[in-house]
Amino acid sequence: EADLYKRIEFLREIGIESHNLAQTICKCPSLLTRNLSGDLYHTLKCMESLCLRKSLIGELLTLDPKLIEHLNGPSFVIKVKLLKDYGFAMVGIGKLLNKLSCKIDDFAKFLRLPHFKLVSPVMFLKKLGLKQRESCTLLSVVPSLFLCNATDLELKISSLKVFSEDKNVIGKMIASCPLLLLQTRKCLFETLDYLEGVITDRENVVAHVMKYPGILLHCKNAIQPVLMFLESLGLERKCAAILLIRQPFLIECGTEGLCKHVEFFKSKGLGERTICKLVLKCSAMFAASIEKRVAPKIKALENHGIVGKELDSFLLSRPQSLRKTLQGDINRKINLLMHLGFQENSPEMLAALKASLQQRNASMGGRIKQLVEFGITHDKACRMVRDAPGLFNMNDGKLREKVKFLVNTMCRSVNELEECPTYLFCSLENKIKPRFRILNWLRSIGVLEEDPPLSTIVNTPEDVFRQQFVECHAQGPAIYQGNPLELMCLERK
């Protein structure tokens with residue numbers, strides 16, 4: 001009796017509830033005659049290492065007491081070992097089995113599978129061009145594939161052949177979005193037809209969906225209201241559809257979630273144009289928690305004087321700034337700017353901070369080094385970025401090209417840049433070269449005795465410059481515009 005009592009208690013411990021106990025024992029009386037604590041010892045240890053709940057065994061035995069044969073002894077442990085040999089990490093196996101355990105019938109089917117059938121889905125995915133690690137990741141997300149036979153697996157990918165007959169292409173699609181294998185053919189085609197109707201170009205739709213297949217997890221009824229909401233913000237219908245294809249998490253947010261974010265941004269003084277730009281360039285912010293992620297970033301900007309219209313203007317020109325952890329990034333930039341000679345809380349500091357928020361600290365220091373390489377002293381380089389903080393945002397190649405033109409073609413000293421850093425912000429092709437060309441010609445014909453200061457060349461308004469140097473000479477417009485045919489005619493004359 002004592003031994004029988006212990007065995008009944010053990011059955012309760014492994015999750016068989018009292019009201020199911022009698023029925024389970026009647027179906028399989030051997031549960032009371034076997035040494036279950038010994039038989040299931042290795043199984044329980046293995047399940048514990050995979051973070052599987054102990055009561056799972058009781059749930060399985062309640063469903064079908066004969067499953068004890070698949071849980072008994074080494075059977076379960078061998079299955080786990082085989083998965084490990086196929087390339088699964090223990091964490092992945094635990095995730096896979098935990099997902100299967102959500103549907104106890106599926107877990108029972110998995111236990112009944114012969115060992116050799118475990119390799120079938122792995123081999124099938126290999127034929128689609130997936131590497132071993134990709135196959136393991138996919139099966140961890142969609143473990144029900146283990147329960148499919150070869151015909152079922154072929155049917156699951158047949159719907160995707162509308163995108164490409166190439167199995168490798170289909171393999172890439174399901175590797176990036178494994179849940180596609182759970183979508184019905186009807187839902188896939190309904191979504192595809194709807195997107196085609198919006199974008200009006202099937203090839204364009206197919207190309208985008210092949211690259212971002214996550215949109216196919218959502219049906220037309222989920223996509224349509226979000227698309228209309230984005231249109232109300234000012235996005236073109238086609239542009240909004242492509243955005244949803246690339247960022248399908250916006251569909252999961254729904255119109256209610258998106259509306260809350262829009263109202264928050266409006267309360268901070270952002271205009272519709274800026275909000276529209278944020279949706280396009282920083283979509284993740286509309287799926288993030290306002291209290292935990294969005295508000296602290298806006299607060300960090302407001303703490304440094306970027307509020308209201310300035311905040312609107314700043315985010316319109318630099319929407320990607322919200323992708324960063326702003327407060328820590330701002331503090332590091334302030335320390336660097338103070339090291340360069342900026343005064344704390346000064347207008348110059350604020351301008352430099354705005355200009356540098358999208359730059360890494362290393363690239364900011366690198367800009368100073370680059371100016372020093374051009375022949376400008378370190379102190380003068382620091383003074384230049386204080387006077388023109390926009391230098392932090394300038395493209396390295398364009399900056400180098402302009403300095404090279406100044407020194408090699410215009411035959412001027414780089415030291416002139418200290419007094420006139422605006423030269424570096426002017427268009428080389430549309431402003432600097434035409435003005436240099438006309439001034440060089442005027443000097444060659446003796447009209448100018450010496451070159452005007454660099455500030456005159458770049459800071460003089462266009463209408464004043466044309467009146468003073470271009471239109472007062474018959475050949476001036478041709479020289480200024482650099483028209484090759486007119487220049488050839490002038491040379492012949």
Side-chain angles (χ1 to χ4, degrees), residues 160 162-164 169 172-180 183 187-268 270-290 292-295 297-298 311-324 326 358:
L160 299 175
V162 68
F163 299 99
S164 175
V169 173
K172 287 179 181 178
M173 288 180 68
I174 62 173
S176 63
C177 186
L179 294 176
L180 277 181
Q183 283 296 88
C187 187
L188 287 175
F189 280 91
E190 184 185 75
T191 302
L192 188 61
D193 290 342
Y194 176 69
L195 293 172
E196 186 184 342
V198 173
I199 299 177
T200 66
D201 181 353
R202 187 175 181 83
E203 288 186 7
N204 195 11
V205 173
V206 169
H208 274 90
V209 172
M210 282 171 65
K211 195 172 182 181
Y212 307 99
I215 186 72
L216 295 173
L217 301 180
H218 304 278
C219 63
K220 173 188 171 181
N221 292 338
I223 299 171
Q224 195 170 26
V226 178
L227 183 68
M228 292 173 67
F229 181 81
L230 293 176
E231 283 185 275
S232 72
L233 294 179
L235 269 71
E236 292 182 4
R237 188 171 175 81
K238 182 177 178 179
C239 180
I242 291 173
L243 175 65
L244 290 179
I245 291 173
R246 294 183 175 183
Q247 312 288 4
F249 58 79
L250 291 173
I251 301 168
E252 296 166 18
C253 297
T255 53
E256 187 178 344
L258 293 174
C259 190
K260 286 181 181 178
H261 285 76
V262 170
E263 290 302 318
F264 171 78
F265 285 125
K266 283 183 177 179
S267 71
K268 296 298 179 179
L270 271 62
E272 289 186 357
R273 189 179 166 204
T274 305
I275 293 171
C276 192
K277 191 83 172 278
L278 283 174
V279 172
L280 286 170
K281 300 291 185 180
C282 199
S283 307
M285 284 295 99
F286 288 81
S289 165
I290 293 176
K292 293 180 180 179
R293 288 195 60 196
V294 185
K297 291 176 186 287
I298 299 297
L311 180 65
D312 180 61
S313 174
F314 174 78
L315 290 177
L316 180 62
S317 59
R318 301 175 183 85
Q320 293 93 335
S321 298
L322 288 185
R323 293 177 182 173
K324 299 183 177 182
L326 277 176
Q358 283 183 304

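The shortest heavy-atom contact between Val205 and Glu196 is CG2-CA, 3.8 Å. Taking both residues in full, the closest heavy atoms of Ile174 and Leu160 are given as CG2-CD1, 3.5 Å, listed atom of the first, atom of the second, then distance. The minimum heavy-atom distance between Met210 and Ser164, with the atom names listed, is CE-CB, 4.4 Å. Cys219 and Cys187 get closest at one heavy-atom pair: CB-SG, 4.0 Å. In terms of heavy-atom proximity, Val294 sits nearest to Met285 at CG2-O, 3.5 Å. Thr255 and Pro225 make their closest contact through CG2-O, 3.4 Å (heavy atoms, listed as atom of the first residue, atom of the second, distance).
Taken from CG in Asp312 to CZ in Phe265, the straight-line distance is 11.5 Å, to the nearest 0.5 Å. Separating the NZ atom in Lys211 from the CZ atom in Phe163 is a distance of 15.5 Å, to the nearest 0.5 Å. One distance of note links CG of Leu243 with NZ of Lys281; it measures 11.0 Å at 0.5 Å rounding. The line from CD1 of Ile215 to CD of Gln247 is 10.5 Å long, rounded to the nearest 0.5 Å. Going from atom CG of Leu230 over to atom CD1 of Ile251 covers 9.5 Å, rounded to the nearest 0.5 Å. The CG atom of Leu227 lies 5.0 Å from the CZ atom of Arg237; values are rounded to the nearest 0.5 Å.
Put simply, the side chain of Thr191 gets close to the backbone of His218: a donor and an acceptor are under 3.5 Å apart. Judged by distance alone, with hydrogens and angles left aside, the side-chain atoms of His208 form no donor-acceptor pair with the main-chain N or O of Ile242 at under 3.5 Å. Within the 3.5 Å criterion, the main-chain N or O of Leu216 finds a donor-acceptor partner in the side chain of Gln183.
At least one side-chain heavy atom of Lys268 sits under 4.5 Å from a side-chain heavy atom of Phe264.
Residue Lys220 places its NZ atom among 12 or fewer non-hydrogen atoms of other residues, nucleotides or ligands, all under 6.0 Å distant. Dense packing is recorded around CD of Glu231, with more than 12 heavy atoms of other residues, nucleotides or ligands lying under 6.0 Å away.
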